[in-house]
2 protein chains.
Amino acid sequence: MTIARAAAGSGTPRGRRPGRSPGDHRERAILATAERLLRHRAFADISIDDLARGAGISRPTFYFYFPSKDAVLLTLLDRVTEEADAAAAGVLDRVAEDPPARWRELIRRFHDTFGAHRAVAVACAQVRGTNAEVRDLWAAVLERWVRCTEAAIEAERRRGAAPDGLPARALAIALNSMNERVLYATLAGDGPAVAEADVVDVLLDVWLAAIYRGAAPPPA
Amino acid sequence: MTIARAAAGSGTPRGRRPGRSPGDHRERAILATAERLLRHRAFADISIDDLARGAGISRPTFYFYFPSKDAVLLTLLDRVTEEADAAAAGVLDRVAEDPPARWRELIRRFHDTFGAHRAVAVACAQVRGTNAEVRDLWAAVLERWVRCTEAAIEAERRRGAAPDGLPARALAIALNSMNERVLYATLAGDGPAVAEADVVDVLLDVWLAAIYRGAAPPPA
DNA sequence: CCGGCTATCAACACCGTGTCGAGAATCTCG
DNA sequence: CGAGATTCTCGACACGGTGTTGATAGCCGG
């Protein structure tokens, strides 16, 4: 299964045609300001006024481009998850060629993508608690990844590389949830965390143990 | 290692002597109101006025008992984690007697405790993003559990029941993080989740695979 | 050159938080 | 008992952030 986006689109929020208009420039400026401020301040500590001023407009004008502060973050999240999807695309289709290397590649790419946008990732994790749209978007993204993982585990089982055991879906949920939480703790430095240099290998180790049960998986 | 609380105390917030005073009654009323309202509304949607009215006092009077809305939740969280600590206490000291049963018992007790107070648990998870005190308290609690897990894994390795591999601390962090996230998703019904009836066994399965690597652990 | 779309902002209404200062109720001890 | 401290209470206020309204300015096509 290849990761494919379900046209979550959400393109330009207001009724302007996409392309080269003065308003398009402003919209980008707001998004850039948000990502910039997020590097030094928590999302809750950034006001709409900060975003507007950073983009060189007044607060009411902000509302011409986005319906709320949360919508800005949602757009940012959408971009990042799109990037992560692209980075992960196809990796799992070739798991059998060299299982440990492929699984590692998958985990590493997620780590790299979210590491490159950690300000956005951290802000989304923080806001997910209070904002239903962010929560739902993230849930949908995670669901896609869970399904990919599930399909790959089942494929490994079919070719006899992985033993049966837990339902593939339950296992896929547990492993992806672990990755989310561990990666977040590492990137945000929040709570007990694994060192950033080790985190990919630690996660990989648990994935392989849970999927293959100690038996070294044979390449196809 | 037995779980022991580090006297996080935080007892009565204002300068009253603990015991049977009219103010003590009010304080309990506020806490009870918070836990009750949390069952039907998100924490962010509950105002200090709601809490005050629920406890039969005015908003300014609320501030006599708690410095903020978040402080109420913090007190609630402190209670629940205390309960979880008590439930988990000692279980890991006897892992070797019957490893699968003991590890399962540990996971099940956490599940039961947080399941019994899911409104508080869910609210804390949501607020952790924006409130440093809740985040820090939770981080400290998790750190204790990680250390217990770590010690138990090392003990299993010393007696030859578990093979060497990942540093015990890294493994303990990964597994506890997985539990936190998966349990939260299940209790809150947020995102891809394992059915509540299965969640303990799913988590246990990954723990055993990661710790013992497919080799059935011998009892002492 | 006019009607409609894009874009802008000052001013306003609203809501929740937290503080202040003035009290009432209760307790303590000479 | 009653004077002084302490516990407890709330009306009224100041503040800061959100989202809306209505008026206005540029711009582009017909």
Side-chain angles (χ1 to χ4, degrees), chain A residues 11-34 37-38 41-75 123 126-127 129-134, chain B residues 11-34 37-38 41-75 123 126-127 129-134:
Chain A
T12 314
R14 297 292 90 163
R16 279 177 302 102
R17 301 287 155 268
R20 206 21 78 201
S21 64
D24 191 46
H25 170 246
R26 289 280 144 87
E27 195 175 318
R28 291 164 184 279
I30 292 170
L31 291 167
T33 302
L37 294 184
L38 239 19
R41 258 192 286 175
F43 184 70
D45 294 338
I46 297 171
S47 71
I48 289 181
D49 215 71
D50 295 330
L51 260 23
R53 289 194 181 289
I57 55 179
S58 69
R59 204 166 57 78
T61 299
F62 168 92
Y63 286 99
F64 182 80
Y65 295 100
F66 293 94
S68 70
K69 196 173 64 156
D70 289 4
V72 176
L73 189 58
L74 197 67
T75 304
Q126 290 175 350
V127 165
T130 49
N131 181 287
E133 288 171 306
V134 169
Chain B
T12 314
R14 296 292 92 161
R16 279 177 302 100
R17 301 287 155 269
R20 204 26 74 203
S21 64
D24 190 47
H25 169 246
R26 289 278 143 88
E27 196 175 316
R28 290 164 184 279
I30 292 171
L31 291 167
T33 301
L37 294 183
L38 239 18
R41 257 192 287 175
F43 185 69
D45 294 338
I46 297 172
S47 71
I48 289 180
D49 215 70
D50 294 330
L51 260 23
R53 289 193 182 290
I57 56 179
S58 70
R59 204 166 57 78
T61 299
F62 167 92
Y63 287 100
F64 182 80
Y65 295 100
F66 292 95
S68 69
K69 196 174 65 158
D70 289 4
V72 176
L73 189 57
L74 197 67
T75 304
Q126 288 175 351
V127 166
T130 48
N131 182 288
E133 288 171 306
V134 169

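Numbers restart at 1 for each chain; the letters A, B, ... are given by sequence-line order, proteins then strands.
- The interatomic distance linking B:F62 (CZ) with C:dG16 (P) rounds to 15 Å, in whole Å.
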Listing time: all N or O pairs from protein to nucleotides 23-27 of chain D that are below 3.5 Å?
none

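- Every residue two or more places apart in sequence or in another chain was checked for a side chain to side chain donor-acceptor pair (under 3.5 Å) with A:T33, and none qualifies.
- The CG atom of A:D24 sits 20 Å away from the P atom of C:dC5 (whole-angstrom rounding).
- Taking atom CG on B:D70 and atom P on C:dG16, their separation rounds to 16 Å, with Å as the unit.
- Shown here are the side-chain contact (heavy atoms from CB on, under 4.5 Å) partners of A:L74, two or more places apart in sequence or in another chain: A:E133, A:V134, A:L137.
- With sequence neighbours excluded, no residue forms a side chain to side chain donor-acceptor pair (under 3.5 Å) with A:S68.
- A straight line from CD of B:E27 to P of D:dT7 spans 14 Å, rounded to a whole angstrom.
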**Request:** Using a 4.0 Å heavy-atom cut-off, write out nucleotides 10-19 of chain D from 5' to 3' as B (base contacted by protein), S (sugar-phosphate only) or - (no contact).
**Result:** BBB-----BB
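- Here A:D49 pairs with A:R53, A:R59 under the salt bridge (charged side-chain N to carboxylate O under 4.0 Å, His left out) rule; sequence neighbours left out.
- With contacts defined as side-chain heavy-atom distances shorter than 4.5 Å, the pair A:E27/A:T75 does not qualify.
- Exactly one of B:L73, B:I48, B:L31 qualifies for a side-chain contact (heavy atoms from CB on, under 4.5 Å) with B:F66. That residue is B:L31.
- Rounding to whole angstrom units, OH of residue B:Y65 and C1' of C:dT17 are separated by 20 Å.
- For A:D45, the side chain to side chain donor-acceptor pair (under 3.5 Å) test picks out no residue, with sequence neighbours left out.
- A heavy-atom distance below 4.5 Å is not found between the side chains of B:V72 and B:Y65.
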